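A quick write-up on the structure given underneath.
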Amino acid sequence: MKPSLLPHPPHAVSRLRSSRLERSTRPFLARGGPKGERCGGCRLILSHCLCELRPVVSTRAGVCLLMAEHETLKPSNTGWLIADVVPDTMAFGWARTEVDPALLAMLADPQWQPYVVFPGEFVAPERVITGLPPVGAEPNGNKRPLFILLDATWPEARKIFKKSPYLAQFPVLSLLPEQLSRYRLRRSRRDDHLCTSEVAALCLGLAGETAAAQALEMYLDLFTDHYLRAKQQLKVEWEDELHVQMREFVGGNDVDGPSL
């Protein structure tokens with residue numbers, strides 16, 4: 001399906017962020033342009049906004065983000081990028097002492113076959129899978145794959161996995177990526193720890209969602225480029241190969257890049 005260029009309503013991560021801000025006892029000020037002013041759509045400073053290049057690709061697969069307390073507030077969070085690209089992205093804040101009823105209802109929805117995405121080395125072998133069955137060959141019928149991603153730092157993700165008993169009933173998809181992480185905004189101590197959007201792209205590829213996986217990979221590269229250029233006070237190179245490829249992907253429409 002051709003990516004959409006229409007204006008987009010707030011997605012699941014955006015709504016979760018708004019809810020998180022409403023609960024804050026003091027205002028959250030992101031670093032950026034004058035008075036920390038950032039675009040509400042892409043979270044970048046206004047001179048580096050990339051909303052016109054956002055690709056949206058319909059998929060059969062869905063993504064469920066379980067997000068640590070402060071992830072939605074971080075401008076560098078890449079779970080937001082997944083929700084930008086994949087319409088069927090759901091997002092829930094994680095807490096050890098309570099579970100959102102909407103999360104439990106979604107996990108029980110018969111249209112979905114949930115898979116918890118987590119390294120197999122930390123899981124009982126009988127729960128671990130490394131691939132998905134072909135469409136129509138799922139043990140429980142023709143269900144849609146739902147990838148549950150733990151959007152958090154690695155220590156937080158391990159805690160979420162261990163302290164969420166409602167996830168114990170689902171198979172664990174353990175990824176074996178062939179490439180090291182390209183994410184340059186926050187670094188893990190291990191190069192084989194991927195950022196959340198990289199994990200989602202690999203999952204979408206396993207589900208046969210080639211266009212969505214490609215879009216998400218390109219969009220991460222684009223977001224990283226704009227983010228780092230804004231941080232270094234550099235202009236966006238709107239006519240470089242990366243931007244040309246993304247414009248072609250979303251339909252070939254020209255984008256007039258703002259100047260600093």
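For this chain, numbers begin at 1 and follow the sequence in order. Everything quoted here is computed from the prediction, not taken from an experiment.
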Task: Validation row: R60, P145 side chains within 4.5 angstrom (heavy atoms) - done: yes
Open item on the list: Does any part of the side chain of K163, heavy atoms only, come nearer than 4.5 Å to the side chain of W94, both counted from C-beta?
Closed with: yes
Task: Where at least one partner belongs to residues 72-91, residue pairs that pass ring pair (Phe, Tyr, Trp, His ring centres under 6.0 Å), sequence neighbours excluded - done: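 Residue pairs with at least one partner in residues 72-91: H11-W80.
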Donor-acceptor contact below 3.5 Å, side chain [X] vs main chain [Y]:
X    : Y    : result
R229 : K235 : yes
H243 : L53  : no
R127 : F170 : yes
T59  : A61  : yes
T89  : V63  : no
Q169 : Y166 : yes
R15  : P10  : yes

Task: R247 with E239: basic N within carboxylate O range, under 4.0 Å - done: yes
Task: salt bridge (Lys or Arg N to Asp or Glu O under 4.0 Å): pairs with one or both residues in residues 76-87, sequence neighbours excluded - done: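 The answer is R54-D84.
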Working to the nearest 0.5 Å, report the span between [atom1] of [X] and [atom2] of [Y].
X    : Y    : atom1 : atom2 : value
I82  : L216 : CD1   : CG    : 6.0 Å
L103 : L66  : CG    : CG    : 5.5 Å
H226 : L242 : NE2   : CG    : 7.5 Å
C203 : E209 : SG    : CD    : 11.5 Å
I148 : F161 : CD1   : CZ    : 10.5 Å
T196 : L150 : OG1   : CG    : 9.0 Å

TODO: Please report the C-alpha distance between R43 and Y227 in whole Å, then the side-chain angles of each, then the deciding distance to 0.1 Å, and finally whether the side chain to side chain contact (heavy atoms under 4.5 Å, CB included) criterion is met.
DONE: CA-CA 9 Å; R43 304 158 298 152; Y227 188 101; over 6 Å; no
Looking only at non-hydrogen atoms, find the nearest pair between [X] and [Y] and report the distance.
X    : Y    : result
A157 : A152 : N-CB, 3.8 Å
A215 : V85  : CB-CG1, 4.1 Å
P87  : V57  : CD-O, 3.2 Å
D151 : E71  : O-CG, 3.2 Å
C39  : C49  : SG-SG, 3.8 Å
H48  : L234 : NE2-O, 2.7 Å

Task: Aromatic ring proximity, centroids under 6.0 angstrom, F118 and W154 - done: yes
Open item on the list: Under the rule for salt bridge (Lys or Arg N to Asp or Glu O under 4.0 Å), what residues qualify as partners of E237, not counting sequence neighbours?
Closed with: none
Open item on the list: Using side chain to side chain contact (heavy atoms under 4.5 Å, CB included), reason through M67 and V13 one step at a time and then give a plain yes or no.
Closed with: CA-CA 9 Å; M67 305 187 74; V13 179; 4.1 Å; yes
- [ ] Ignoring hydrogens and angles, state whether a donor on the side chain of T153 or E156 is under 3.5 Å from an acceptor on the partner side chain.
- [x] yes
Open item on the list: Strictly by side chain to side chain donor-acceptor pair (under 3.5 Å), give each pair with a member in residues 98-112 just once, sequence neighbours left out.
Closed with: D109-Q111, Q111-R144
Task: Any residue meeting ring pair (Phe, Tyr, Trp, His ring centres under 6.0 Å) with F147, in chain and number order, not counting sequence neighbours - done: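 Result, ring pair (Phe, Tyr, Trp, His ring centres under 6.0 Å) vs F147: none returned.
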Open item on the list: Test of understanding: with ring pair (Phe, Tyr, Trp, His ring centres under 6.0 Å), list the residues that count as partners of F92, not counting sequence neighbours.
Closed with: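 With neighbours one apart ignored, the set is empty.
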- [ ] Answer yes if F249 and V244 sit in the same cluster of Ile, Leu, Val, Met, Phe, Trp and Tyr residues linked by side chain heavy atoms under 4.5 Å apart, and no otherwise.
- [x] no
Task: CD/E126: more than 12 non-hydrogen atoms of other groups inside 6.0 Å - done: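 Yes, CD of E126 has more than 12 neighbouring heavy atoms, counting only those of other groups under 6.0 Å.
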- [ ] Tell me, with the steps shown, if V116 and L173 meet side chain to side chain contact (heavy atoms under 4.5 Å, CB included).
- [x] CA-CA 6 Å; V116 183; L173 177 61; over 6 Å; no
Task: Evaluation steps, side chain to side chain contact (heavy atoms under 4.5 Å, CB included), between V250 and M246 - done: CA-CA 6 Å; V250 299; M246 183 58 86; 4.1 Å; yes
